[in-house]
Amino acid sequence: MSKASHRVPYLLVDAFTEVPGGGNRVALVLDARGLSTEEMQLVAARLGQPQAAFVTDWEGTGFEVRFFAANGEVEFSGHAAVGLALSLLQEGLLPEGVNRLYLRTIGESLTVELSEGRALVQSPSPRFRDPPSWKVLQEFIEVMGANERYLHRGLPYGITFTGLWTLFMPVVAPGLVDALEPDMDRLAALSNELEVATVHVYAPYGPRRFYARTFAPALGIPEDPVTGSPNAALGALLARAGVVPRWEGEVNLTVTQGHRMGGPGQVEVRVEYGPAGNILGVYIGGTAVLAENGVVELGGNLN
């Protein structure tokens with residue numbers, strides 16, 4: 001390996017929470033200049049987190065970022081983007097007084113707004129596929145140890161993309177979301193057949209408030225505690241279906257996750273509309289807290 005003795009500083013950050021151990025943990029390398037794709041994958045594996053983000057270059061307030069999941073590179077990771085933006089601020093790597101920066105991913109350049117210790121990250125542009133048949137939805141809910149009576153008939157289901165293709169399944173109540181016990185091998189097989197990366201099960205629990213769980217065995221992540229990209233896509237799906245009103249210019253939603261895994265967190269979702277009711281953009285927001293820092297020595301031991 002070309003950099004057998006290269007020392008790589010890292011951070012472990014919990015996103016969508018203010019308490020270490022809550023939310024969703026991500027590994028961050030704020031200076032990955034000169035690292036190859038293979039070396040970034042090695043660092044991500046050594047840090048042992050489901051997802052990692054690397055800043056590969058920067059100029060002013062623009063940062064080139066690459067995201068990795070357990071099975072390889074992905075276009076976008078919402079909780080990683082939130083944790084990264086706040087870490088750049090907290091580590092003093094942004095020009096003083098800056099409240100906006102840009103993340104250049106392998107897919108798009110995304111805007112991040114910073115305010116009062118929170119980051120609001122633009123998601124990749126939402127895309128939609130034809131929804132699966134009701135029979136397919138029944139197969140998925142049965143693999144999760146439930147049946148079609150769990151499914152909410154008044155909320156949208158479908159397949160949406162804001163960085164990852166995700167199947168959305170509405171359930172009647174939050175307690176039923178927590179009652180799910182998926183067969184992860186079968187769920188991974190069904191996900192691969194449907195060509196989705198994650199399965200997002202959600203239920204309403206108040207005006208513009210939802211409770212959710214995200215399963216991603218197809219990515220090597222049985223359950224993702226508190227997610228960014230699928231919740232952005234959920235906002236887009238709800239907006240497209242007309243569940244939230246379009247005449248307000250923007251709509252703000254709150255999604256709570258992680259209780260079942262013992263690390264609760266909260267994701268703010270903002271959907272912006274044009275005059276004709278078309279979706280102009282979807283944003284996810286929240287806080288983040290540093291859990292650990294250290295150095296990975298490639299070719300050596302984790303310090």
Side-chain angles (χ1 to χ4, degrees), residues 6-33 35 40-58 61-70 74 76-103 105 110 112-121 214 221 224-229 231 255-259 261-268 283-298 301-303:
H6 192 57
R7 293 170 60 83
V8 182
Y10 71 88
L11 305 176
L12 298 185
V13 172
D14 293 330
F16 300 127
T17 182
E18 297 178 354
V19 180
N24 199 351
R25 183 160 294 183
V26 62
L28 303 175
V29 175
L30 303 185
D31 185 357
R33 290 174 298 181
L35 291 183
M40 283 187 270
Q41 290 176 320
L42 175 60
V43 170
R46 293 280 295 282
L47 292 175
Q49 302 303 315
Q51 297 194 30
F54 297 80
V55 178
T56 57
D57 202 1
W58 63 88
T61 57
F63 295 83
E64 293 185 11
V65 183
R66 295 177 67 180
F67 300 99
F68 290 85
V74 296
F76 178 70
S77 169
H79 76 286
V82 167
L84 175 63
L86 290 171
S87 295
L88 291 170
L89 176 65
Q90 293 159 3
E91 295 293 316
L93 298 177
L94 297 177
E96 190 169 349
V98 164
N99 57 15
R100 179 175 297 221
L101 59 97
Y102 303 90
L103 302 180
T105 73
L110 306 173
V112 182
E113 299 174 11
L114 299 169
S115 177
E116 299 179 348
R118 306 178 74 82
L120 188 67
V121 179
T214 305
I221 305 170
D224 211 6
V226 189
T227 57
S229 177
N231 282 317
V255 183
T256 301
Q257 275 189 268
H259 286 77
M261 299 184 72
Q266 185 168 284
V267 183
E268 304 300 328
Y283 296 77
I284 48 172
T287 56
V289 61
L290 177 65
E292 179 185 315
N293 58 46
V295 173
V296 172
E297 185 169 348
L298 297 182
N301 296 317
L302 182 64
N303 295 322

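The figures here come from the full heavy-atom set of this structure, side chains too, leaving out hydrogens, waters and symmetry mates.
Listed by first then second residue, pairs satisfying salt bridge (Lys or Arg N to Asp or Glu O under 4.0 Å) with a partner in residues 9-18 read D14-R25, not counting sequence neighbours.
Interatomic distance, OG1 of T105 versus CG of L110, reported as 5.0 Å (0.5 Å rounding). Distance check, rounded to the nearest 0.5 Å: CD of Q41 to CZ of R66 gives 8.0 Å. Rounding to the nearest 0.5 Å places CG of L47 at 6.0 Å from CG of L12.
Summarising the geometry of A85 relative to V112, their closest heavy-atom pair is CB-CG1, 3.7 Å, with the distance given to 0.1 Å. Closest non-hydrogen pair, V55 versus F63, comes out as CG1-CD2, 4.0 Å. Scanning all heavy atoms of the two residues, the minimum distance from G286 to L86 falls at O-CD1, 3.7 Å. A288 and V13 get closest at one heavy-atom pair: CB-CG1, 3.8 Å. The two residues I284 and G78 make their nearest non-hydrogen contact at CD1-CA, 3.5 Å. Scanning both residues, F54 and M40, for their nearest heavy atoms gives CZ-O, 3.2 Å.
Residues that satisfy the side chain to side chain contact (heavy atoms under 4.5 Å, CB included) test with S229, not counting sequence neighbours, are F76, T162, L164. With sequence neighbours excluded, the residues satisfying side chain to side chain donor-acceptor pair (under 3.5 Å) with E268 are T254, Q266. Residues meeting the side chain to side chain donor-acceptor pair (under 3.5 Å) test with S77, sequence neighbours left out: Q51, H79. A53 pairs by the side chain to side chain contact (heavy atoms under 4.5 Å, CB included) definition with L28, V65, F67, A80, not counting sequence neighbours. Contacts of T287 classified as side chain to side chain donor-acceptor pair (under 3.5 Å), with partners at least two apart in sequence or in another chain: none. Under the rule for a salt bridge (Lys or Arg N to Asp or Glu O under 4.0 Å), the partners of D31 that lie at least two apart in sequence or sit in another chain are R33. Under the side chain to side chain donor-acceptor pair (under 3.5 Å) criterion, S87 pairs with no residue, sequence neighbours left out. Qualifying ring pair (Phe, Tyr, Trp, His ring centres under 6.0 Å) partners for Y283, counting only residues two or more places apart in sequence or in other chains: none. P225 is linked by a side chain to side chain contact (heavy atoms under 4.5 Å, CB included) to N24, M261, counting only residues two or more places apart in sequence or in another chain.
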Self-check item: Chi angles and distances behind the side-chain contact (heavy atoms from CB on, under 4.5 Å) call for V267, V226
Solution: CA-CA 8 Å; V267 183; V226 189; 3.6 Å; yes
Self-check item: V43 vs V29, side-chain contact (heavy atoms from CB on, under 4.5 Å): CA-CA, chis, key distance, verdict
Solution: CA-CA 9 Å; V43 170; V29 175; 4.1 Å; yes
Quiz item: What's the verdict on side-chain contact (heavy atoms from CB on, under 4.5 Å) for V19 and V289, showing C-alpha distance, side-chain angles and the deciding distance?
Solution: CA-CA 7 Å; V19 180; V289 61; 5.9 Å; no
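Put simply, the side chain of D224 does not reach to within 4.5 Å of the side chain of Q257, judged on heavy atoms. The shortest distance between side-chain heavy atoms of L30 and L88 falls below 4.5 Å.
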Contacts table for residues 93-102: side-chain donor-acceptor under 3.5 angstrom, sequence neighbours left out:
none

